[in-house]
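Here is the structure we will look at.
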Amino acid sequence: MSAVLDHPGHHTDDHDHGHPHGWRRWLFATNHKDIGTMYLLFSFAMFIAGGIMALVIRAELFQPGLQFVNPELFNQLTTMHGLIMVFGAIMPAFVGFANWMIPLQIGAADMAFARMNNLSFWLLVPAAAMLLSSFLLPGGAPATGWTLYAPLTLQMGPSMDAGIFAMHIMGASSIMGSINIIVTVLNMRAPGMTLMKMPLFSWTWLITAFLLIAVMPVLAGAITMTLTDRHFGTSFFNPAGGGDPVMYQHIFWFFGHPEVYIMILPAFGIVSAIIPAFARKRLFGYTSMVYATSSIAVLSFIVWAHHMFTSGMPVTGQLFFMYATMLIAVPTGVKIFNWIATMWKGSMTFETPMLFAIGFIFVFTMGGFTGLILAMAPIDIQLHDTYYVVAHFHYVLVAGSLYAMFAGYYYWSPKWTGVMYSETRGKIHFWGSLIFFNVTFFPMHFLGLAGMPRRYADYPMQFTDFNAIASVGAFGFGLMQVYFFAFVVWPAMRGQGAPAPQKPWEAAEGLEWEVPSPAPWHTFETPPKLDVTATRVIG
Amino acid sequence: MKPTRPLSPSSALPSLSPVGAVSEAQRKANLKLGLILAGMAVAIGVGFVLKVIFVGL
C-alpha cells in the first residue's frame, strides 16, 4: 500500500492549498507531474514539426530532379529538422520522463527546485518559437546543418542570430533541468533508497545530467564565439581573419558526441525498467549496468574527433579516436548482454512496452554495429557524409531513443493517465513503426555504400529506387505517429479506456507502482518507509 | 503578526507542491548543491572560452 493510501487524511488541507486551476495550473506549474506532462506534449509537438520537415525532404528526394523545394530551402529543412529533433523533441521528451518518474521512483515529494523547473520548461517555448520562426527571416532559416559549422555560420543571414539565441536559451533550460535532476536524486531520495538500490532510469538520468552540465556550456561558448565572429570583429573561426574553422569542429564535437549519449542513456534506463517487468525476472547485472553507463559517459569525452576523420588529423590521432570509439562497444555490449540475460528463461509476455523494448534492442544494436563500422578511420573516410551515416544515426536515435520513449509511454501511461491503452492499437503502432522505420532507413545503407552524399536536394538516376522506397517508408512512419497520437495518446488524455490498476504489470517493481493510478497530485509528502530492496513502501 | 515588509513576489506564487514536505535544512542543502553545480557549469563554459582564447585548442 502506498504512503498516500496509508495516510488518507494526512496533510489533507494542503492538497488544494494554492492549487491553481485552468491556464494558471500550467503557466505557474510547480508540480513535477504537470511539468512532466507539459514537456512531453511540447516534445511531441516538436516531433511533429521536425517530422513534417523530414517528410518534405523525403518528398523532394522521392525522385531525381527538383520537385517541391529549391536547394537553399532543402538545406534549411535538413538543418532545422536536426536542430528541432535533437533540442526540441528528444531532449525535452526525456526531461518529461524524468520529471514524471524520478520523484516517484526515489520516493521524493517533488523536484528539488520546483519553480526553476517551471522556468526550465517555459524557456523552451520561446526558444522553439524563435528557432521555427527563423524560416520567416530574410534569407530563410539557418542552412548550416545541425552542427552549425563555421565558416557557413559566418555567411548566414539574420536567422543565424535567432538560431544562436534559441540554442542559448535551450542550453540554459537544459542546464537548469540537469541541476534540478542531480539535486533531486542526490538529496531527496527516501530513507533506504541508497544509490545502488535506485531504479536504473533514475541512475541513467543522474549520469546524463552530469554529462549535460559538462558539455552544454561548451556548446554555449562555441556559439557565443560564432556570434562574436559574426558581429564583434573577432576571428575565432573565420579564416579570413586568421581563425580556424576546424577548431569549431573540435569544440562542437566535444559537445556533440556526449550529446549523442545524452539522447540514449535515459533510453537505456527505460528499457532496463521494462524488460525485467515483462520477463518476470530481476534485472541481470544491475551493478554492471550502473558501471557500464558510467563508462559510456566517461568514454564519450574522448571520442569526439571520430566525426572529423576527413577534416585532417595525424594518423596517431586517427588511431586514438578509432580505438577509443571501439572501446565504447564494450560497456554497450555489457548492457545488451544483460538485457538478453534478463530475458533468458524468463516467463515472457509481449505487451506493447515489451515489444518496443525488444524492438529497441534489435534495431539499436544494428545502429551500434554500423557505428563500429564508421569508427574505423579508413572506412569512415569513404563513408563520411554519405547516407550510410544518415542511416546509422537514425537507427540509433529513432530506433534507439524514440522506441525507448514509446516503450516508456506504454509502460508508464497507466500511471500518468489512470487508464489503460488499447493493446491492439499499441501493437498496430509498434509493428507499423518497426516496418516503416526499416523501409525508410535500411535502404539508406545501400545508398551510402554506393556513394550518395547527404544534404543534397538532387541525385543521379542510379539512386532512384532506394530513395523512392525510403520516401514511401517515411510517409508510412509519419502516418503511424499520427495514429499513435490520435488513437492512443488522445483517448488516454480524455480518460477513455479501462481504469488502470495501481500496478498494471504484475512483475513491475519500483515505488511508482506503490501509488494509485493516476498518480495523485501529491505523492510521498512524508518520506516513505521502504523495504530492504527499496521497491516497496512498508509504512 | 503584522508583516514588517511587503510580501515578496515569490510569496504571491502558488505554493510548492507538498507543503511541509521539504524541511528548511533540506532546502538549504538543495540550494548549496544547486549552486555548486551551477558554478561548475559557469566555470566550464567560461574556462573553455578563455582557454581557446589564450592557449588555443
Side-chain angles (χ1 to χ4, degrees), chain A residues 11 13-15 17-20 24-25 28-34 103 108-116 118 171 175-176 178-180 182-184 186-188 209-210 212-222 224-225 234 236 244 246-247 250-251 254 521-527, chain B:
Chain A
H11 285 312
D13 292 343
D14 296 332
H15 278 272
H17 180 75
H19 174 177
R24 285 185 179 83
R25 171 179 174 182
F28 299 134
T30 52
N31 184 293
H32 70 101
K33 301 177 186 87
D34 280 355
D110 204 307
M111 298 296 280
F113 303 113
R115 287 182 183 130
M116 190 169 82
N118 174 296
I175 290 170
M176 284 194 284
S178 305
I179 290 172
N180 221 336
I182 293 172
V183 176
T184 304
L186 293 185
N187 278 5
M188 298 186 68
F210 274 109
L212 271 165
I213 285 189
V215 300
M216 287 309 289
V218 175
L219 176 70
T224 304
M225 287 190 273
T234 59
F236 292 112
D244 185 1
V246 177
M247 183 170 74
H250 279 289
I251 299 173
F254 185 79
W521 176 254
H522 291 164
T523 37
F524 303 126
E525 290 174 82
T526 50
Chain B
M1 187 177 155
K2 193 178 175 185
T4 54
R5 61 184 174 82
L7 289 174
S8 67
S10 65
S11 309
L13 286 171
S15 68
L16 295 181
S17 314
V19 175
V22 180
S23 66
E24 187 61 16
Q26 174 83 76
R27 198 186 67 80
K28 281 186 177 166
N30 289 350
L31 191 62
K32 191 174 168 187
L33 181 56
L35 287 173
I36 290 170
L37 293 167
M40 269 173 57
V42 171
I44 291 169
V46 174
F48 200 84
V49 173
L50 291 178
K51 180 188 172 292
V52 170
I53 292 173
F54 294 111
V55 186
L57 190 68

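Keep in mind that this is a model prediction, so the values were computed, not measured. Here is how names work: the chains are called A, B, and so on, in the same order as the sequence lines, proteins then strands, and each is numbered from 1.
Contact annotation for A/Ile179: both backbone and side-chain heavy atoms come within less than 4.5 Å of a heavy atom of chain B. Contacts between A/Leu219 and chain B at a heavy-atom distance below 4.5 Å are absent for every atom of the residue. Contact of A/Ala112 with chain B is made through backbone and side chain together, with heavy-atom distances under 4.5 Å.
Residues B/Asn30 and A/Phe113 approach most closely at O-CZ, 3.0 Å, considering heavy atoms.
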Full working for side chain to side chain contact (heavy atoms under 4.5 Å, CB included) between B/Val49 and A/Thr224 | CA-CA 9 Å; B/Val49 173; A/Thr224 304; 5.9 Å; no

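Annotation: the span from A/Ile175 atom CD1 to B/Ile44 atom CD1 amounts to 9.0 Å, rounded to 0.5 Å. Within the model, atoms CG of A/Leu212 and CG of B/Leu37 stand 12.0 Å from one another, a figure rounded to the nearest 0.5 Å.
Distance alone, capped at 3.5 Å, is enough to place a donor-acceptor pair between the B/Gln26 side chain and the A/Asn187 backbone.
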